[in-house]
Amino acid sequence: ARYRTGEGWYDARLTAYGPLQVDPATAALHYAQSIFEGLKAYAQPDGSVATFRPEANAARFVRGAQRLAMPPVPDEAFLAAVDALVEADRDWVPTGADQTLYLRPYQLASEPFLGVRPAQEYLFLVIASPAGPYFPRGVQPVSVYLSEDYIRAAPGGTGEVKCAGNYAASLLAQEQAIAAGCDQVVWLDALEKRYVEEMGGMNLFFVLGSGAGAELVTPELTGTLLPGITRDSLITLARERGHRVTERRFSVDEWRAGVADGSVTETFACGTAAVITPVGEVKARTGGFTVGDGTPGPIAMGLREALLDIQHGRVPDTRGWLHRVA
């Protein structure tokens, strides 16, 4: 679909996948007015296909557009576009264990001009690709590196929206993490560099205690963190299972001390791609540590299985999270 100031959204259509032809002065290439979303379509046991909480992606897409001075795509248009593509490509929705059709809606400034102002023309597109299981050989904990040289987002910035610039700015720190022998980078707050915020592009949870009485702590949404849909879903599931879930600031010192005295028993990240990724080892200039025994913990694995069961239709969807498409 296309947008032009004074005309609104127009020319919405389903077309074959192909290259985009853009003018060298296309605004998104120079001024980074570009946002995206990520969600999945899941084959269901009855042969139908469903997406997971797409209305939450649509709402976040609107907030991202507003933050970048872009015209929002109406929720109903976002959902209609996703549905149309899934219906057309339903034969590409894989049916194997933990396999999905990954969907990428995105919006970019398409007006050709040089000048720092919001564009007056935009493109909204949705593309899709079959995706295999994130952990094809079983869930494995990742090692993480605490970024003390770079920050992901600052108060008043764009940390809470999925804009392209956030990810470009993260790549150097991710390379630093890899050079340190780690899989992922962990971001700290911009002001004090004391408080944990995110892992790469995923939200983090810390498990305090064990068993039914375990408490889950996740960094609070201050405007610098992405309000993850998987994060929100896991908070709901954990509370339904009887766990106390607290959203608050969580410092590196508390993490390190909790691991040392055994009060922090698990750490895991969550997001659309992996659902849940356990964190096994933490490295930093001030010294590293291992969470628990370095293997996936029972709380993380239990929540992961519970959410996957809902998404793939293996248990009843009592919360209305699945959106039947085809």
Do the side chains of [X] and [Y] join up, straight or via other hydrophobic residues, at under 4.5 Å, putting them in one cluster?
X	Y	answer
Val73	Val161	yes
Val245	Ile310	yes
Val217	Phe289	yes
Met202	Val185	no
Tyr167	Ile127	yes

Is a donor on one side and an acceptor on the other found under 3.5 Å between the side chain of [X] and the backbone of [Y]?
X	Y	value
Gln107	Pro71	yes
Ser143	Asp183	yes
Asn203	Leu226	yes
Gln99	Tyr42	no
Thr26	Val22	no
Lys162	Ile35	no
His30	Pro24	yes
Lys40	Thr272	yes
Arg304	Val275	no
Tyr3	Pro72	no

**OP:** State yes or no: are the ring centers of Trp255 and Phe206 separated by less than 6.0 Å?
**Re:**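 That pair passes the under 6.0 Å test.
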Original post:
Does the ring center of Phe61 lie less than 6.0 Å from the ring center of Phe36?
Top reply: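 No; Phe36 has its ring centre 6.0 Å or more from that of Phe61.
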Which atoms form the tightest heavy-atom contact between [X] and [Y], and what is the distance?
X	Y	value
Ala128	Leu103	CB-CD2, 3.8 Å
Ala58	Phe78	CB-CD2, 3.5 Å
Pro130	Leu101	N-CD1, 3.7 Å
Ala284	Leu146	CB-CD1, 3.8 Å

Once rounded to the nearest 0.5 Å, what's the spacing between atom [atom1] of [X] and atom [atom2] of [Y]?
X	Y	atom1	atom2	answer
Glu240	His243	CD	NE2	11.5 Å
Glu215	Leu208	CD	CG	5.5 Å
Asp75	Glu55	CG	CD	9.0 Å
Leu234	Ile276	CG	CD1	4.5 Å
Leu79	Asn57	CG	CG	9.0 Å

Original post:
So with a 6.0 Å cut-off around CZ of Arg239, is the heavy-atom count from everything else above 12?
Top reply: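 Yes.
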Original post:
Passes salt bridge (Lys or Arg N to Asp or Glu O under 4.0 Å), Arg104 versus Glu37? Steps please.
Top reply: CA-CA 6 Å; Arg104 169 57 59 88; Glu37 277 295 326; over 6 Å; no
Would [X] and [Y] count as having a side-chain donor-acceptor pair, cut-off 3.5 Å?
X	Y	result
Ser251	Arg194	no
Glu121	Thr5	no
Gln33	Tyr122	yes
Tyr10	Arg4	yes
Thr236	Arg319	no
Ser263	Asp261	yes
Glu197	Thr224	yes
Thr286	Arg256	yes

Under 4.0 Å between a Lys/Arg side-chain N and an Asp/Glu carboxylate O for [X] and [Y]?
X	Y	value
Arg285	Asp149	yes
Arg324	Asp46	yes
Glu198	Arg231	no

Subject >> Min side-chain heavy-atom separation Pro105-Leu125 under 4.5 Å >> reply: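 No, side chains not in contact.
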Original post:
Taking the side chain as C-beta and beyond, is there a heavy-atom pair between Thr267 and Val207 under 4.5 Å?
Top reply: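 Sidechains of Val207 and Thr267: no contact.
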Original post:
Is the Phe268 ring parallel, tilted or perpendicular to the Phe205 ring (thresholds 30°, 60°)?
Top reply: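 Rings of Phe268 and Phe205: parallel, under 30°.
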Subject >> Residue pair Phe124, Tyr106: steps toward the ring-ring contact (aromatic ring centres under 6.0 Å, His included) verdict >> reply: CA-CA 6 Å; Phe124 167 60; Tyr106 61 109; 8.2 Å; no
Subject >> Aromatic Tyr195 / basic Arg249 pairing, under 6.0 angstrom, 45° off normal >> reply: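 Yes, Arg249 and Tyr195 form such a contact.
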